[in-house]
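Notes for the one structure printed next.
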Amino acid sequence: MKNILLPTDFSENSWNAITYAIDFFANENCNFYLMHVNRFDDVMINESPYIAPEETIEVVYTKPAKLQLRKLLKRIAQRFSQNKQHKFYTISAFGFFIESIRKHVEDKNIDCVVMGTKGASGLKKIMGSNTGDVITKVKCTTLAVPESAKFTKLKEIAFPTDFLLAYETQILRPLSEIIETNNSALRILHIKKKNAQLNYDQTKNRELLDNYFDHLTHSFHYLTNKKVEDAIQCFVESRNINMICMVAKNLNYFQQILFHSKVEEISYHIEIPFLVLHEKN
């Protein structure tokens, strides 16, 4: 049984992420937790968070959120035929956003957080958004679903890496499970400068990946490009890439791909879901 956390602000963007998640896990036993956080950090007085009395919280924040969550459950029931493998629960929280997410990730033993990303202006906005905060600050597998992404059969998953880190089995397990469940192919992508060769550590780390994914369809691809994001864009356009997976531990490489400034020509930001793998605490 998988436990999936679906934070929502009741926008169409978050609805798109919810529908993607339900389709994505259609053939798996799942508990889905629809969660809305009324944020302390949204209520400020004199640059300090305003801590309202409990009665005020209940009337002004909690009751309206619970009503919205019930409406969301009805919308899900209308959109999807009943799946006996899926159970839905609602959570209305009041507190600091990231602390609330972390708490429920731990309390509910969450396997994956699924959230939406918004806007062709890309990850400059995402970096300062709820999704960007969860990706970088919560140690849980996170699936970031762009507003233009629609679920289709996962044919190929791109895995960009610089081979500088040895990934532990625990980190890679969610990716291997997705590949097996969807009968997908993994395309491991290395972007290098012209004439650059893998050093000893990189070669060993490449071999580790090759051994770990030995029982699954996978291949290695090498592109020469000064800009990592441009290389990934070319790779996505040339293949049937339906998802891009990264390991958050590899922070420098990760930030080049997710949090760069030139986003106008990078369509993978607004079309392709990003799976971000974390070490668990």
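Checking N3 against N31 by side-chain atom types alone, a donor-acceptor pair falls below 3.5 Å. Between the side chains of N16 and K150, at least one donor N or O sits under 3.5 Å from an acceptor N or O. A donor-acceptor pair shorter than 3.5 Å can be found between the side chains of S176 and Y212.
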For this session: Could you walk me through whether I232 and I244 pass the side chain to side chain contact (heavy atoms under 4.5 Å, CB included) test, one step at a time?
Result: CA-CA 9 Å; I232 292 176; I244 299 171; 4.1 Å; yes
Problem set entry | Derivation and outcome, side chain to side chain contact (heavy atoms under 4.5 Å, CB included), residues T8 and L69 | CA-CA 9 Å; T8 177; L69 286 166; 4.2 Å; yes
Exercise. Run the side chain to side chain contact (heavy atoms under 4.5 Å, CB included) check on R187 and H218 step by step: do they pass?
Worked result: CA-CA 6 Å; R187 307 307 180 194; H218 72 286; over 6 Å; no
Problem set entry | N205 and L209: CA distance, side-chain angles, deciding distance, side chain to side chain contact (heavy atoms under 4.5 Å, CB included) verdict | CA-CA 6 Å; N205 292 334; L209 286 173; over 6 Å; no
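Salt bridge annotation for E28-K87: absent, with no cationic side-chain nitrogen under 4.0 angstrom from a carboxylate oxygen. Using a 4.0 Å cut-off between charged side-chain N and carboxylate O, E207 and K204 make a salt bridge. The pair E177-K2 counts as a salt bridge, with a side-chain nitrogen and a carboxylate oxygen less than 4.0 angstrom apart.
Remark: side-chain polar atoms of N182 are not paired, donor with acceptor, to backbone N or O of S184 under 3.5 angstrom.
Ring pair F32/H86 is perpendicular by interplanar angle, where above 60° counts as perpendicular and below 30° as parallel. Below 30°, between 30° and 60°, or above 60°: for F220 and F163 the angle between ring planes is between 30° and 60°, a tilted geometry.
Residues forming a side-chain hydrogen bond (donor to acceptor under 3.5 Å, both in side chains) with D9 (at least two apart in sequence, or on another chain): S11, S14. Qualifying side-chain hydrogen bond (donor to acceptor under 3.5 Å, both in side chains) partners for Q78, counting only residues two or more places apart in sequence or in other chains: none. For Q68, the side-chain hydrogen bond (donor to acceptor under 3.5 Å, both in side chains) criterion is met by no residue, not counting sequence neighbours.
Within the model, atoms CG of L5 and SG of C112 stand 9.5 Å from one another, a figure rounded to the nearest 0.5 Å. Distance CZ/R79 to CD1/I18: 11.5 Å, rounded to 0.5 Å.
What you find for I171 and V247 is that their closest heavy atoms are CG2-CG1, 3.9 Å. Shown here for H278 and C140, the closest heavy-atom pair between the two residues is CD2-O, 3.2 Å.
In this structure the side chain of L143 never reaches within 4.5 angstrom of the side chain of F274, judged on heavy atoms. Taking the side chain as every heavy atom from C-beta outward, T161 and L189 never approach each other to under 4.5 Å.
Taking the ring centroids of F88 and F80, they lie at or beyond the 6.0 Å cut-off.
Environment of CG in N211: crowded, with over 12 heavy atoms of neighbouring residues, nucleotides or ligands closer than 6.0 Å. The number of heavy atoms from other shown groups lying within 6.0 Å of CD (E106) does not exceed 12.
The hydrophobic clustering, which links ILVMFWY residues whose side-chain heavy atoms are closer than 4.5 Å, places L277 and L208 apart. Side-chain heavy atoms closer than 4.5 Å link hydrophobic residues (I, L, V, M, F, W, Y) into clusters, and following such links, even through other members, never connects L172 to L164. Residue V145 is grouped with residue F10 when hydrophobic side chains (ILVMFWY) are merged at heavy-atom distances under 4.5 angstrom, including chains of intermediate members.
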